[in-house]
Amino acid sequence: MNSILQKITIFSIIALTALSAAAQRDVTVYKTFIYTSESLADDIYIANQEQAQDDTRRFDVDLLNASLGAVKGLGAGYVSAFIELGVNAIGNLITRNARLMKEWEETVNAENSWTTKISSVQDVKDFYRKPSTAGALDPLNMNFDGIGCLRMEGPDTVFFISCHIDRDKLNRIVNHSKFELVLDTLILSPTRSNLPNTQLPLEYSFDERGAFNLSMNIKLTSSWFTDAIELHNDAQLGEFNVSVSVDKNDIDPKGFLKYYRKENEPSKYAIVGESFIVPRSYMGYRDANGKYKNIWGTGQYKMDIELTETCRITSEYRNHWKEDRKKRKKLAPKKGFFETVWQTVSSLQWDEITKSWVITTLKAPAGVISNEIIEKAGLSTAPPQKK
């Protein structure tokens, strides 16, 4: 795990350190990693052998029978689902003429929640490394091995989560065509989070906001074609949820919670949920002798992630609401600042160093995003290379 984290950190430092200091204050960049593994298929095979008493189990017969996947495009990433525009909701959070405690509390409560959505913006290719002649749910050469998500500020990792397929539950793939995830690594800093959700220069304080809560929702969807000439489009295969609560006693002197799961130990933070393995899409073909044969592809899928950070007002903070309101009035920017139009730019690309698909999600005010920022953040607009 340490070597994976090291590679990911180096990869992200190169991509982000070139951003100007002024732009970094307004730019939020998340990198999400979809891990792959060349040894996972062997582990599944061993688990299957251990279930030898159930010799009637067949992977080529299933209600989800289904796809010949496209060849994975290595090389340059590109911007696909582009620019998401909208008036920033934060514009309604500051009530300049607040005179009552109720108005102050509504303002602060609105700051106590922040959410972002990260999507693979297009199908991720090759849930399996090779096509199969056995059937739609043949786990042979299964390639997908979990996800990770990273946010950096300059050279500093301020958030990182890493989850892999639970090796202790591979029998679920063998018996039910489902897999579960286990949380291996978690690094976060409430004081360098996206809370409080305001453009005012306010920092997170445990005395004012209490415990910091992080939740992560992951949904896996897929489209595939069956041998009965049926198309299943954007069907949800599974969902995973992680919830972490952090108080002042959980963080180190530098303000970080750092957790690394030890080998063969259960994770301190549970991941609730499960997912079917991705159905392979069907395609018939004729061999060199003209004989018609069946083949099922490498599996394509989409990953949608929702990250949410929340907290709540402490009694101590509420008791000093008048002083805080006066401070906010002094910090309030010029009229129109909160009506800024924001943009989201996303890309999907394969990284040969970490052997993972990388989703880069960049959010910033429209006036900040430029071609230079997009390029330096690793969001090249060049089309993918063809193999």
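Being a predicted model, the structure only gives us computed values, none of them experimental. What you see below is based on every heavy atom in this structure, not just the backbone, and it leaves out hydrogens, waters and symmetry mates.
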What I'd like to find out is whether the side chain of Lys322 reaches to under 4.5 Å of the side chain of Trp104, using heavy atoms alone. no
Apply the test side chain to side chain contact (heavy atoms under 4.5 Å, CB included) to residues Ile271 and Glu180: give CA-CA distance (whole Å), side-chain angles for both, the deciding distance (0.1 Å), then the verdict. CA-CA 8 Å; Ile271 298 180; Glu180 296 184 33; over 6 Å; no
Test Ile147 against Ile305 for side chain to side chain contact (heavy atoms under 4.5 Å, CB included), laying out the working first. CA-CA 10 Å; Ile147 71 158; Ile305 301 170; 3.9 Å; yes
Distance col, row Thr308:OG1 vs Lys117:NZ, nearest 0.5 angstrom, shows 9.0 Å
Matching residue for Phe144 among Phe276, Phe179, Phe33, Trp357 - test: ring pair (Phe, Tyr, Trp, His ring centres under 6.0 Å): Phe179
Report yes if some heavy atom in the side chain of Leu181 is under 4.5 Å from a heavy atom in the side chain of Ile165; otherwise report no. yes
What do the steps show when you test Met152 against Lys31 for side chain to side chain contact (heavy atoms under 4.5 Å, CB included), and what is the final call? CA-CA 9 Å; Met152 301 186 69; Lys31 286 190 177 292; over 6 Å; no
Under the criterion side chain to side chain contact (heavy atoms under 4.5 Å, CB included), I'd like the reasoning laid out for Phe212 against Leu188: C-alpha separation, chi angles, the key distance, then a yes or no. CA-CA 10 Å; Phe212 172 87; Leu188 62 84; 4.0 Å; yes
salt_bridge(Arg172, Asp166) N-O dist < 4.0 Å: no
With clusters defined by side-chain heavy atoms of hydrophobic residues (ILVMFWY) lying less than 4.5 Å apart, directly or transitively, does Ile251 cluster with Tyr269? yes
I'd like to know if Tyr260 and Tyr35 are part of one continuous hydrophobic network [Ile/Leu/Val/Met/Phe/Trp/Tyr, side-chain heavy atoms within less than 4.5 Å]. yes
To check you understand the geometry: which heavy-atom pair defines the closest contact between Thr298 and Lys130, and what is its length? CG2-C, 3.6 Å
Does Ser120 reach the main-chain N or O of Lys302 with its side chain, forming a donor-acceptor pair under 3.5 Å? no
Any donor-acceptor pair under 3.5 Å from Thr360 side chain to Ser347 backbone: no
Contact between Trp224 and Trp296 at the side-chain level, heavy atoms closer than 4.5 Å - yes or no? no
Around atom CD of Gln236, are there more than 12 heavy atoms from other residues, nucleotides or ligands closer than 6.0 Å? yes
Step through the shown structure and confirm whether more than 12 heavy atoms of other residues, nucleotides or ligands are within 6.0 Å of CZ on Arg312. no
Under a single-linkage definition using a 4.5 Å side-chain heavy-atom cutoff for Ile, Leu, Val, Met, Phe, Trp and Tyr, are Leu362 and Val158 assigned to the same hydrophobic cluster? no
Sole candidate of Ile359, Val358, Asp145 that passes side chain to side chain contact (heavy atoms under 4.5 Å, CB included) when paired with Ile34: Ile359
Do the non-hydrogen side-chain atoms of Tyr30 and Leu307 ever get within less than 4.5 Å of each other? yes
Which heavy atom in Cys311 sits nearest to a heavy atom in Tyr204, and how many Å separate them? CB-OH, 3.6 Å
Tell me whether the count of non-hydrogen atoms from other residues, nucleotides or ligands lying under 6.0 Å of CD in Glu323 goes above 12. yes
Can you tell me how far the OG1 atom of Thr157 sits from the CD1 atom of Ile187, to the nearest 0.5 Å? 6.0 Å
Has the side chain of Asp138 got a donor or acceptor atom that lies under 3.5 Å from a matching backbone atom of Leu140? yes
Roughly how far apart are Asn112 CG and Thr310 OG1, rounded to 0.5 Å? 8.5 Å
Counting only N and O atoms by type, is there a donor-acceptor contact under 3.5 Å from the side chain of Thr314 to the main-chain atoms of Glu208? yes
Backbone of Ser113 reached by a side-chain donor or acceptor of Asn197 within 3.5 Å: yes
Does His320 offer a backbone N or O that forms a donor-acceptor pair with the side chain of Asp324 under 3.5 Å? no
In short, Trp350 meets Glu352 closest at the heavy-atom pair NE1-OE1, 2.8 Å
Closest non-hydrogen atom pair between Tyr317 and Arg328, with its separation: OH-NH2, 3.3 Å
Do Asp351 and Ser356 have side-chain atoms, one donor and one acceptor, less than 3.5 Å apart? no
How about Lys268 and Leu186: do any of their side-chain heavy atoms sit closer than 4.5 Å? no
Are Leu183 and Val272 co-members of a hydrophobic cluster defined by side-chain heavy atoms under 4.5 Å apart? no
Is Phe159 reachable from Phe206 through a run of I, L, V, M, F, W or Y residues, each pair having side-chain heavy atoms under 4.5 Å apart? yes
Arg209 versus Val108: any side-chain heavy-atom pair under 4.5 Å? yes
For Asn249, does its backbone N or O pair with a side-chain atom of Asp247 as donor and acceptor, under 3.5 Å? yes
Can you measure from CE (Met216) to CD1 (Ile161) and round to the nearest 0.5 angstrom? 5.0 Å
Please answer whether the main-chain N or O of Gln300 pairs with a side-chain N or O of Ser222 as donor and acceptor at a distance below 3.5 Å. yes
To the nearest 0.5 Å, how far apart are OG in Ser275 and CZ in Phe240? 5.0 Å
Is any side-chain heavy atom of Thr28 less than 4.5 Å from a side-chain heavy atom of Arg151? yes
Using the salt bridge (Lys or Arg N to Asp or Glu O under 4.0 Å) rule, take Glu103 and Arg325 through it: C-alpha gap first, then chi angles, then the decisive distance, then the call. CA-CA 10 Å; Glu103 293 174 329; Arg325 187 177 75 82; over 6 Å; no
Looking at every non-hydrogen atom in both residues, tell me the closest pair between Pro131 and Ile295 and how far apart they are. CB-CD1, 3.7 Å
Considering only heavy atoms from C-beta outward, does the side chain of Arg167 approach that of Leu40 to under 4.5 Å? yes
So, for Tyr128 and Val278, which heavy atoms are closest and what is the spacing to 0.1 Å? OH-O, 2.5 Å
Between Glu274 and Lys178, is there a donor-acceptor pair closer than 3.5 Å when you use the side chain of the first and the backbone of the second? no
Taking Ser189 for the side chain and Gly255 for the main chain, is one N or O donor matched with an acceptor at less than 3.5 Å? yes
If I take atom NE2 from residue His164 and atom OG1 from residue Thr185, how far apart are they, to the nearest 0.5 angstrom? 8.0 Å
